[in-house]
Asks: 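This structure is in structure tokens; I'll ask about it shortly.
All values below were derived from every heavy atom in this structure, side-chain atoms included, with hydrogens, water molecules and symmetry-related copies excluded. Here is the naming used below: chain letters follow the sequence lines, and residue numbers restart at 1 for every chain.
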2 protein chains.
Amino acid sequence: MLNYSTSEENYIKAIFHLQQADGNVTTNELAAELKTKPASVTDMMKKLKTKKLVHYRAYHGFRLSADGTKLALIIIRRHRLWEFFLAEKLKFSWEEVHAVAEDLEHVSSKKLIDKLDEFLSFPRFDPHGDPIPDSNGKIETSKQVCLQDLPLNKLAMVSHVSDQSKEMLELLGHKKIGIGTKLEVKRKFNFDNSLEIKIRQPRRTSPDQPPINISEQLSNNIFAKYDE
Amino acid sequence: MLNYSTSEENYIKAIFHLQQADGNVTTNELAAELKTKPASVTDMMKKLKTKKLVHYRAYHGFRLSADGTKLALIIIRRHRLWEFFLAEKLKFSWEEVHAVAEDLEHVSSKKLIDKLDEFLSFPRFDPHGDPIPDSNGKIETSKQVCLQDLPLNKLAMVSHVSDQSKEMLELLGHKKIGIGTKLEVKRKFNFDNSLEIKIRQPRRTSPDQPPINISEQLSNNIFAKYDE
DNA sequence: AAAATAATTTAGTTTTGTCTAAAAATATTT
DNA sequence: AAATATTTTTAGACAAAACTAAATTATTTT
């Protein structure tokens, strides 16, 4: 595996994320994402094309090639493992973790990352609940849906929280919901789309907690996974 | 504290190390150290001068300013803390540690480094036995001398090994000498400058080991510290 | 389908860090 | 102290990654 510049890596990572939604990524989108100018994006796309990391036809957008995707997953793996390390071992808070990992992710030693992974006991999710690709680049794909879209009476695990403002974290703390919390949606009220959910206690501390209410707004910001 | 490029940081660090020996550093010396060309060094020195990190007069060499020294100690702190982390937590071997730390040292978050320091319980020496500057840039200065220069019958602790070839490590392993080993030089033979040394057992496993012999060559590569 | 608008690319600069080759300053020899 | 050798600096170029302004292509509107 060759070595890529920090800038190239940032482009690849950004394309990967934009692709998740779109499929095809455009010059302006990417420029906005990277806070750079469209002209710079075009320059870089030409370079990444000659390196066979993206498929690109002038004026028609681009997407990652197989090699580009592989590279993206390597970078995402580095990023998320460092995030986990920072939160778990160095006691950084959720919000601080991302910026520092943004730098650490460009240190490219494969051995470093694999040993870090082992040191952390092969965590499967970063502190935001996003899955961490394994050393072969395989990533958990089980779909994540917001609480609104969960089927009723289906046990699910909270895996992601999109808004991380102080206010949001305060509310989550109060309701005792965090990444990893297991819960079931018991009812959905069509009047205001609020939900009644039941939280499954991890080690059945108290025998059975009463169900709690979640507003539509909140439920749209909490994501969870479940087995089909 | 401002932010400096990887390249600038590498120059600053190299000057710091060359200064230890010399005092004044020359263009060619630095070019050799950094495996670059003298012309590049001149260019960079002009820049570092305008940034007030070095004192520099054309044709007369250079040395770090107060600010430059401060920066050098920050970089060295990062480098050695990462080395300690890699060896202690990720189980990298001595030889591997340096190259990876070379990259990690350029991640410039002060908070990261201070939290890492805390996580590692504030280690005072890296795996090579070099002292780690504290968060204020203070560094242990107790002098280190090679075994040749130790006074007789003075208890000293091995703190550094300059050569780290396979052959050297093999020999050290055989003689059961490593960083932290406490020893005393009992005699010095002027014929071949070989030494007779006694190793102090850490927790007096066996009551008292017989003295062992160290060749001049070996003794020049092992450094130790002692109280005055 | 032509005109207007929006998106993208090209052309030409800039900055950082490097290089080679030539010129200038310093050091060493004789 | 003049000649020679060495070291250092200058001058001019280049590659990476960014930018601005102008030109080109695609898309939408009328």
Asks: Please tell me which of B:Lys46 and A:Glu8 maps to the more 5' nucleotide of DNA chain D, matching each residue to the nucleotide holding its nearest heavy atom.
Replies: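 Here B:Lys46 is the residue nearer the 5' end.
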Asks: One thing to verify: whether B:Arg78 and B:Glu9 come together as a salt bridge, which I'm taking to mean a side-chain N less than 4.0 angstrom from a carboxylate O.
Replies: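 Salt bridge present between B:Glu9 and B:Arg78.
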Asks: Which donor-acceptor pairs under 3.5 Å do the side chains of residues 122-132 of chain B make with protein atoms, sequence neighbours left out?
Replies:
unit_1	atom_1	unit_2	atom_2	d
B:Arg124	NH2	B:Glu140	OE1	2.9
B:Arg124	NH2	B:Glu140	OE2	2.7
B:Asp126	OD1	B:His128	N	2.7
B:Asp126	OD1	B:Gly129	N	2.9
B:Asp126	OD1	B:Asp130	N	2.9
B:His128	ND1	B:Gln164	OE1	3.0
B:His128	ND1	B:Gln164	NE2	3.4
B:His128	NE2	B:Glu83	OE1	3.4
B:His128	NE2	B:Glu83	OE2	3.4
B:Asp130	OD1	B:His160	ND1	3.1

Asks: Answer with base, sugar-phosphate or nothing: what part of the nucleic acid does A:Tyr11 contact at a heavy-atom distance below 4.0 Å?
Replies: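 Touches sugar-phosphate only.
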Asks: Is a salt bridge present between B:Glu118 and A:Lys91, judged by a nitrogen-to-oxygen distance below 4.0 Å?
Replies: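 Looking at B:Glu118 and A:Lys91, the cut-off is not met.
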Asks: For A:Phe119, does the six-membered ring have the charged nitrogen or CZ of A:Lys89 within the cation-pi criterion, i.e. under 6.0 angstrom from the centroid and within 45° of the normal?
Replies: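 Yes, A:Lys89 sits over the ring of A:Phe119.
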Asks: Going by number, which of residues 25-33 of chain B have a non-hydrogen atom under 4.0 Å from DNA chain D?
Replies: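 DNA chain D contact set from residues 25-33 of chain B: B:Thr26, B:Thr27, B:Asn28.
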Asks: Check B:Lys13 with B:Glu102, please: is the shortest side-chain N to carboxylate O separation under 4.0 Å?
Replies: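 Yes, charged N to carboxylate O under 4.0 Å.
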Asks: Identify whether the distance between the nearest side-chain nitrogen and carboxylate oxygen of B:Arg77 and B:Glu105 falls below 4.0 Å.
Replies: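 Answer for the salt bridge query: no.
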Asks: How about B:Val41 and B:Tyr11: do any of their side-chain heavy atoms sit closer than 4.5 Å?
Replies: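 SC-SC contact between B:Val41 and B:Tyr11 confirmed.
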Asks: Could you tell me how far apart A:Asn24 (CG) and D:dA26 (C1') are, to the nearest whole angstrom?
Replies: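 For the pair A:Asn24 CG and D:dA26 C1', the rounded distance is 14 Å.
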Asks: Determine the contact category for B:Ser7: base if any of its heavy atoms lies under 4.0 Å from a base atom, sugar-phosphate if only primed atoms, P, OP1 or OP2 are that close, otherwise nothing.
Replies: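 Contact class for B:Ser7: sugar-phosphate only.
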Asks: Got a sec, which residues hit side-chain hydrogen bond (donor to acceptor under 3.5 Å, both in side chains) with A:Lys46, two or more places apart in sequence or on another chain?
Replies: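 Partners of A:Lys46 by the side-chain hydrogen bond (donor to acceptor under 3.5 Å, both in side chains) criterion come out as none, since no residue qualifies.
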Asks: Please state how far atom CE in B:Met44 lies from atom P in C:dT18, giving the value in whole angstrom units.
Replies: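 Answer to the nearest Å: 5 Å.
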Asks: Report which part of the nucleic acid B:Tyr56 touches: base, sugar-phosphate, or nothing (heavy-atom distance under 4.0 Å, all strands).
Replies: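 If one applies the 4.0 Å heavy-atom cut-off, B:Tyr56 turns out to touch the sugar-phosphate alone, with no base involved.
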Asks: Tell me the interatomic distance from A:Tyr4, atom OH, to D:dA15, atom P, rounded to whole angstroms.
Replies: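 Value for this atom pair: 20 Å.
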Asks: Can you tell me if B:His106 and B:Asn10 form a side-chain donor-acceptor pair at under 3.5 Å?
Replies: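 Present: a donor and an acceptor within the cut-off.
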Asks: Using a cutoff of under 3.5 Å, can you pull out all pairs of nitrogen or oxygen atoms linking the protein to nucleotides 19-21 of chain D, with atom names and distances?
Replies:
unit_1	atom_1	unit_2	atom_2	d
D:dC19	OP2	A:Thr36	OG1	2.7
D:dC19	OP2	A:Lys37	N	3.2
D:dC19	OP2	A:Ser40	OG	2.4
D:dC19	N4	A:Asp43	OD2	3.3

Asks: C:dT16 P sits how many Å from B:Asn10 CG, rounded?
Replies: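 Spelled out: CG on B:Asn10 to P on C:dT16 is 17 Å.
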Asks: Has A:Lys49 got its NZ or CZ under 6.0 Å from the middle of the six-membered ring of A:Phe62, at an angle within 45 degrees of the ring axis?
Replies: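 The answer is no; the distance or angle limit is not met.
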Asks: Give every pair of a protein N or O atom and an N or O atom of nucleotides 25-28 of chain C that lie under 3.5 Å apart, one pair per line with the distance.
Replies:
unit_1	atom_1	unit_2	atom_2	d
C:dA25	O4'	B:Tyr59	OH	3.4

Asks: Who are the side-chain hydrogen bond (donor to acceptor under 3.5 Å, both in side chains) partners of A:His55, not counting sequence neighbours?
Replies: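 With neighbours one apart ignored, the set is empty.
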